[in-house]
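FYI, side chains are in, hydrogens and waters are out, and symmetry mates aren't considered; it's all heavy atoms of this structure. Position 1 is the first residue of the sequence, and the numbers go up from there. Since the model is a prediction, treat every value here as computed from it, not as a measurement.
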Amino acid sequence: MFNSFKRRAPSISIFHHPSSPPSLKALKLLQSANTSPYPANKSPSAPPLEYNLEVVESPPTTDQVRTILSYMPSKATSPSMALLSAHPSAGAGETRPQSIEAIVELARKTPAALKWPIVVDWEDGKAVIGDVEGVKSMLETLRRKRDGEEKTGDEVDQPKGWFT
């Protein structure tokens, strides 16, 4: 009866850097999927995807980075490998920051040191760092849920009571 109250549009954040081509491409893709038919090339009559898009033009905070790293598929990857780019300002070898706090501080001082964009689906617990193809995959998951091809959290492993 009250399940309709639980459903809400997912919240997706993009930590965006305007001078990064992958970040610009990912932002355009996210904005387009949220306002135009998705997928546009297969079905022009399809509705747009419903999600709340937050565009953040600064690096994530230390707590946000911890959460983002917990959403990554491989927990074995070090924070510096996951977040830092190949830019010389990111350091190399032993000069490369290893702690989350040091990475966040470096990103504040030198944004080019980070891999951009960082896209996070807070409800599904998924994150993509520096990968436009990963953003497309995230959008495809949302499309499958919208079209009923993939079960949502309300439909997965719900215990059946006496009166349901």
Side-chain angles (χ1 to χ4, degrees), residues 3-75 77-87 89-90 100 103-104 106-156:
N3 280 343
S4 62
F5 291 120
K6 289 193 267 183
R7 292 190 184 139
R8 61 178 184 200
S11 293
I12 295 180
S13 296
I14 177 171
F15 294 91
H16 169 67
H17 196 269
S19 68
S20 165
S23 190
L24 290 168
K25 188 173 182 180
L27 178 60
K28 183 178 179 183
L29 185 64
L30 287 165
Q31 289 172 330
S32 174
N34 198 228
T35 58
S36 302
Y38 188 85
N41 60 349
K42 292 185 181 173
S43 176
S45 63
L49 294 175
E50 289 185 37
Y51 53 87
N52 298 316
L53 180 61
E54 177 188 19
V55 180
V56 182
E57 289 193 7
S58 62
T61 65
T62 303
D63 289 336
Q64 288 171 327
V65 168
R66 280 192 181 91
T67 303
I68 290 165
L69 289 174
S70 74
Y71 292 168
M72 297 300 292
S74 173
K75 308 293 186 238
T77 304
S78 73
S80 65
M81 288 189 71
L83 294 163
L84 295 178
S85 69
H87 193 269
S89 64
I100 292 172
I103 292 169
V104 169
L106 174 64
R108 279 194 203 114
K109 292 178 184 174
T110 313
L114 270 187
K115 290 180 186 173
W116 297 97
I118 300 171
V119 180
V120 186
D121 180 341
W122 301 104
E123 271 73 30
D124 270 352
K126 294 184 180 173
V128 175
I129 300 174
D131 181 20
V132 177
E133 291 302 315
V135 174
K136 290 177 183 177
S137 174
M138 189 180 284
L139 291 173
E140 182 59 20
T141 299
L142 290 173
R143 186 211 52 85
R144 286 194 309 268
K145 285 181 180 180
R146 176 197 69 194
D147 295 347
E149 296 173 19
E150 191 171 298
K151 292 183 179 182
T152 63
D154 294 342
E155 301 166 339
V156 178

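- Of all non-hydrogen atoms in S19 and P21, the two that sit nearest each other are O-CD, 3.4 Å.
- To the nearest 0.5 Å, atom OG1 of residue T141 and atom NZ of residue K136 are 14.5 Å apart.
- The shortest distance between side-chain heavy atoms of I103 and V65 does not fall below 4.5 Å.
- Rounding to the nearest 0.5 Å places OG of S11 at 8.0 Å from CD of E54.
- By the 4.5 Å heavy-atom criterion applied to side chains, E133 and V128 are not counted as neighbours.
- When I68, T67, I100 are each tested for a side-chain contact (heavy atoms from CB on, under 4.5 Å) with P60, only one passes: I68.
- Expressed to the nearest 0.5 Å, how far CD of E140 lies from CZ of R143 amounts to 4.0 Å.
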Going by atom type alone, with no hydrogens or angles, which donor-acceptor pairs under 3.5 Å involve a side-chain atom of residues 108-120 and a protein atom two or more places apart or on another chain?
from: R108; atom 1: NH1; to: E105; atom 2: OE1; distance (Å): 3.3
from: K115; atom 1: NZ; to: M81; atom 2: O; distance (Å): 2.9
from: W116; atom 1: NE1; to: P111; atom 2: O; distance (Å): 2.7

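- Atom CG of L139 sits about 6.0 Å away from atom CD1 of I12, to the nearest 0.5 Å.
- Annotation: side chain of W122 is not in contact with side chain of P10 (no heavy-atom distance under 4.5 Å).
- Under a 3.5 Å cut-off, the side chain of T35 and the backbone N or O of Q31 do form a donor-acceptor pair.
- A127 and M72 get closest at one heavy-atom pair: O-SD, 3.8 Å.
- Contact check for V56 versus I14: no side-chain heavy atoms found under the 4.5 Å cut-off.
- In terms of heavy atoms, N52 sits closest to A9 at ND2-O, 3.7 Å.
- Sorted by first and then second residue, the ring-ring contact (aromatic ring centres under 6.0 Å, His included) pairs involving residues 128-148 (not counting sequence neighbours) form an empty list.
- Distance check, rounded to the nearest 0.5 Å: OH of Y51 to CE of M138 gives 10.5 Å.
- Between the CG atom of L27 and the CZ atom of F15 there is a distance of 13.5 Å, given to the nearest 0.5 Å.
- Taking 4.5 Å as the limit, every side-chain heavy atom of L83 sits out of range of all side-chain heavy atoms of V104.
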>> Please evaluate residues S23 and H16 with respect to the criterion side chain to side chain donor-acceptor pair (under 3.5 Å), reporting the C-alpha separation (whole Å), side-chain torsions for both, the decisive distance (0.1 Å), and the verdict.
In response: CA-CA 6 Å; S23 190; H16 169 67; 2.6 Å; yes
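- Using a distance-only test at 3.5 Å, with no hydrogens or angles considered, a donor-acceptor pair links the side chain of D121 to the main chain of E123.
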